[in-house]
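Here's the structure we're looking at; comments come further down.
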Amino acid sequence: MSSPAEPTAPADEATTVATQAASTATTEAAALANPLRDPRDKRLPRVAGPCVLVLFGVTGDLAKRKLLPAIYDLGNRGLLPPGFSLVGFARRDWKNQDFARVAHDAIKEHARTPFREEVWRQLREGIHFVPGEFSDDGAFDALAMALKEIDQTRGTGGNYAFYLSIPPKFFPQVVQQLKRTGLANAPKGAWRRVVIEKPFGHDLKSAQELNEITSQVFPESSVFRIDHYLGKETVQNILALRFANNLFEPIWNRGYVDHVQITMAEDIGIGGRAGYYDGIGAARDVIQNHLLQLLALVAMEDPTSFDADALRREKEKVLKAVRLPQDLALGTARGRYTAGWQGGERVRGYLEEDGIPADSTTETYAAIKLEIANRRWAGVPFYLRTGKRLGRRVTEVAVVFQRAPHLPFSKDDTEILGQNALVVRVQPDEGITVRFGSKVPGTAMEVRDVSMDFAYGESFLESSPEAYERLLLDVLIGDPPLFPHQREVELSWRILDPIEEFWATQGPPEDYPAGSWGPASADAMMARDGRVWRRL
Ligand code: BG6
C-alpha cells in the first residue's frame with residue numbers, strides 16, 4: 001500500500017497561491033460581514049479556499065436532503081470562495097441547468113438558512129453536470145476536461161474534493177476511474193481529496209477490503225470518512241464539556257459514575273431504504289459508527305491537543321479497551337418492529353415494509369452492554385441502544401452517577417429520589433441537563449429530583465449548523481479531526497463482529513410494537529443489573 005504525502009506549494013506556483021490567498025481574503029471579509037455572526041467574536045472565520053466539489057450520487061436522498069442544502073448554507077454564511085464550483089456526476093441525461101434545477105429545489109426545501117437570491121446566483125454560476133456511468137471511460141475523460149476548464153474560468157486551482165455519495169459496491173470503479181484519468185493525483189500546489197460515506201464495510205474483513213481499494217489510489221491523509229454524528233455541534237460539545245471545564249472531570253470515572261446510557265431512538269421506520277437496510281440492521285447501521293463514536297468521546301482520556309492524530313489516538317485507545325459481555329445472550333438484545341401506532345397514525349411492521357423479504361432476520365432495534373477495561377472505567381457498564389419506530393426521536397448520552405454513600409434523611413423522605421445524572425441531549429432540544437435531588441418546598445425534608453438545564457437555543461445567538469455543513473467545510477479546508485481514521489473503523493468492527501456472529505445463530509429478532517420502547521428482552525437485560533432504561 002503506498003501512502004504518498006500531500007504535496008505542498010513550490011515557489012513556481014507563486015501566482016496560483018497568490019490568487020488563492022486573495023480569494024480567501026475576499027471570502028473571509030464576506031464571512032466577517034455575515035449578519036448572523038456574534039459581534040463579540042473577532043476571530044477570522046474558517047473559510048474554504050478555491051476548489052471544486054465533485055459529487056457522485058447527486059440523485060440520491062442524501063444529496064438532496066443534506067449535501068446540496070449544506071453547500072448552500074455554507075455559501076450563505078460566506079464560507080465558500082467566490083469561484084467555488086460544484087460538479088454533479090450521475091447516470092442521467094441532464095444538462096447543467098437540469099442539475100441546477102434539482103439543486104435549487106433541494107436547497108429551497110431543505111436549507112437551514114433563508115433563501116437569498118444573490119447567494120443562489122453565485123452558487124449557480126459554478127454548477128456543472130457531467131452525465132455518465134461509472135464504467136464509462138469517456139464520461140470520466142469528460143469530467144477531467146470539465147474540471148480543467150473550471151480551473152481556468154473560475155480560478156479553482158486544481159483543488160478537487162470527490163464526494164462518493166454512492167453505494168460502496170461502486171467505490172472500486174469510481175476510484176479506479178479517478179486514478180486512470182489522473183484526477184486522483186494533485187499537481188504541485190493543489191490538493192485532491194476523497195470523501196466516503198458509511199457504511200465502511202459490512203464487517204471487519206470487508207472494511208479492510210474497502211480501505212485497500214481507496215488506499216491504493218489516495219493517501220490516508222486525503223481520505224475523509226464521514227460519520228455525520230461527529231459533525232453535530234452537540235457531539236463536539238462533549239469534548240468542550242469534559243475538557244474545557246474542571247467541574248465534571250474529577251467525577252468522570254468509576255469512583256462516581258454508576259453507568260452510562262447512550263441512546264439513539266428514532267420514530268421513523270426504514271422508509272424507502274429496504275435495499276440498504278435489510279441485511280444490515282440497527283447495529284451495523286448506527287452502533288458500529290455513531291454510537292461507538294459517542295462512547296469513545298465520552299470515555300476517552302484528554303487528548304494532548306485537538307489535532308487529528310492526538311484526538312484519534314485517544315479514541316482508538318478506548319475502543320481497544322472495550323470488552324463484550326461474557327454471555328452475549330444476556331448482555332445484548334435485538335428487536336424488530338411490528339405494526340403499531342405512531343403520532344396518531346397506524347404504521348406498518350418491518351416485514352410489511354416494501355421490499356423486505358418474509359424470511360428477513362434483520363433487527364431494527366439493538367441494545368448492547370459494554371465495559372471498558374481501563375483504570376478510569378473498570379466495572380462501569382456502558383449501555384448502548386438504538387431502534388427505529390420507537391416512542392419518539394431522541395439521541396442522548398446519560399452519565400448516571402452512584403447514589404450518595406449515606407442519606408441522613410428518613411427513608412420516606414428520599415423514597416422517590418433517583419440517581420444524579422448528567423445528560424447530553426444530542427437531539428432534539430439540544431442541550432445539557434443535570435439531574436440532582438432538591439428539597440421539596442414546604443416539607444420537613446422531603447427530597448426529590450429536579451433538573452438544571454442548558455439549552456443551545458437560549459444561550460447562543462445563532463442556530464447550530466447542520467452536521468454536513470461542518471463536515472463539508474472541513475473537507476474543503478482539509479481539516480481531519482472530525483473524520484474517523486481507518487483504525488477506528490476497524491476497531492469498531494472488532495467490537496461488533498462477534499455480536500453479529502452470535503445473533504446470526506439466533507433466528508429472527510424479538511417483536512416490539514411500533515411506537516413502543518423496544519423489545520422486552522432489552523428491559524430484562526437492564527433489570528438483571530438492577531437498572532432501568534431512562535424514560536425519554
Ligand atoms: C444514518 C442511518 O447514519 O443516521 C439512518 O443510516 C439514521 O438509519 C440516520 O436514520 C439518523 O441520523 P440523524 O442525524 O437524523 O440522527
Side-chain angles (χ1 to χ4, degrees), residues 57 60-67 69-70 73 110-112 163-168 195-202 207 224-238 262-295 297 334-337 342 347 350 353 355-356 360 362-366 384-397 424-431 456 463-472 482-484 488-489 492-493 496 514 518 536:
D61 211 39
L62 184 74
K64 285 189 194 144
R65 288 190 323 117
K66 300 284 182 189
L67 304 178
D73 288 325
H110 298 291
R112 178 181 65 88
Y163 199 123
L164 274 48
S165 179
I166 53 177
V195 185
I196 52 181
E197 272 283 343
K198 62 167 263 279
F200 310 123
H202 190 75
F224 288 70
R225 295 177 190 83
I226 295 231
D227 180 322
H228 80 280
Y229 263 60
L230 294 179
K232 291 182 190 273
E233 288 289 334
T234 40
V235 172
Q236 293 158 45
N237 198 27
I238 295 172
I262 302 180
T263 301
M264 176 181 169
E266 296 187 282
D267 51 2
I268 53 170
I270 55 150
R273 298 168 79 216
Y276 159 75
Y277 198 87
D278 197 61
I280 296 265
R284 286 194 179 96
D285 185 35
V286 302
I287 292 186
Q288 185 272 340
N289 35 77
H290 308 328
L291 296 202
L292 284 176
Q293 283 291 326
L294 285 175
L295 174 142
L297 295 176
R334 242 172 11 130
R336 175 171 68 194
Y337 63 83
Q342 204 142 38
V347 295
Y350 182 73
E353 300 277 18
I356 301 298
S360 166
T362 300
E363 85 282 356
T364 60
Y365 177 102
L384 275 47
R385 65 172 158 163
T386 184
K388 300 232 180 251
R389 286 271 184 244
L390 296 183
R392 70 186 189 97
R393 175 177 184 249
V394 50
T395 300
E396 65 159 46
V397 175
V424 177
R425 281 191 314 277
V426 173
Q427 61 194 25
D429 310 324
E430 291 80 357
Y456 273 76
S463 71
S464 292
E466 278 279 329
Y468 280 97
E469 284 174 66
R470 170 66 194 258
L471 296 176
L472 276 170
L482 297 182
F483 300 84
E488 291 167 70
V489 172
S492 304
W493 282 120
L496 202 61
L536 302 170

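Remember, it's 1-based here, ligands and their atoms both numbered in the order they're listed.
Residue contact check for ligand 1: Tyr277 places no non-hydrogen atom closer than 4.0 Å to it.
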Output, in order, the C-alpha distance, side-chain angles, deciding distance and verdict of side-chain hydrogen bond (donor to acceptor under 3.5 Å, both in side chains) for Tyr276 and Asp285.
CA-CA 9 Å; Tyr276 159 75; Asp285 185 35; 2.5 Å; yes
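Ranking protein heavy atoms by distance to atom 15 (O) of ligand 1, first place goes to Arg393 NH2, 3.3 Å. Scanning all protein heavy atoms for the shortest distance to atom 5 (C) of ligand 1 gives Arg273 NH1, 3.4 Å.
If you number the atoms of ligand 1 from 1 as listed, the ones under 4.0 Å from a heavy atom of His290 come out as 1 (C), 3 (O), 4 (O). Contact atoms of ligand 1 toward Lys388: 5 (C), 7 (C), 8 (O), 10 (O) (distance under 4.0 Å to a heavy atom of the residue). Atoms of ligand 1 lying under 4.0 Å from any heavy atom of Asp285, numbered from 1 in the order shown and given with element: 2 (C), 5 (C), 6 (O), 8 (O). Of all atoms in ligand 1, numbered sequentially from 1 with element shown, those under 4.0 Å from a heavy atom of His228 are 1 (C), 3 (O), 4 (O), 12 (O), 13 (P), 14 (O).
Using modelled atom types and a 3.5 Å distance limit, the side chains of Tyr229 and Gln427 yield a donor-acceptor pair. Side-chain contact check for Ser463 and Arg112: at least one donor-acceptor pair (N or O, by modelled atom type) lies under 3.5 Å. Checked by atom type, the side-chain pair Thr364/Arg336 shows no donor-acceptor distance below 3.5 Å.
Side-chain atoms of Glu430 do not come within 3.5 Å of backbone N or O of Arg425 as any donor-acceptor pair.
Summarising the contacts of atom 11 (C) of ligand 1 with Arg65, Glu197, Glu266, Lys232, the nearest heavy atom is found in Glu266.
Across every non-hydrogen atom of Ala283 and Leu496, the tightest pair is O-CD2, 3.5 Å. When all heavy atoms of Leu297 and Ile238 are compared, the pair lying nearest together is O-CG2, 3.8 Å.
For the pair Thr395 and ligand 1, the shortest N or O to N or O distance does not fall below 3.5 Å.
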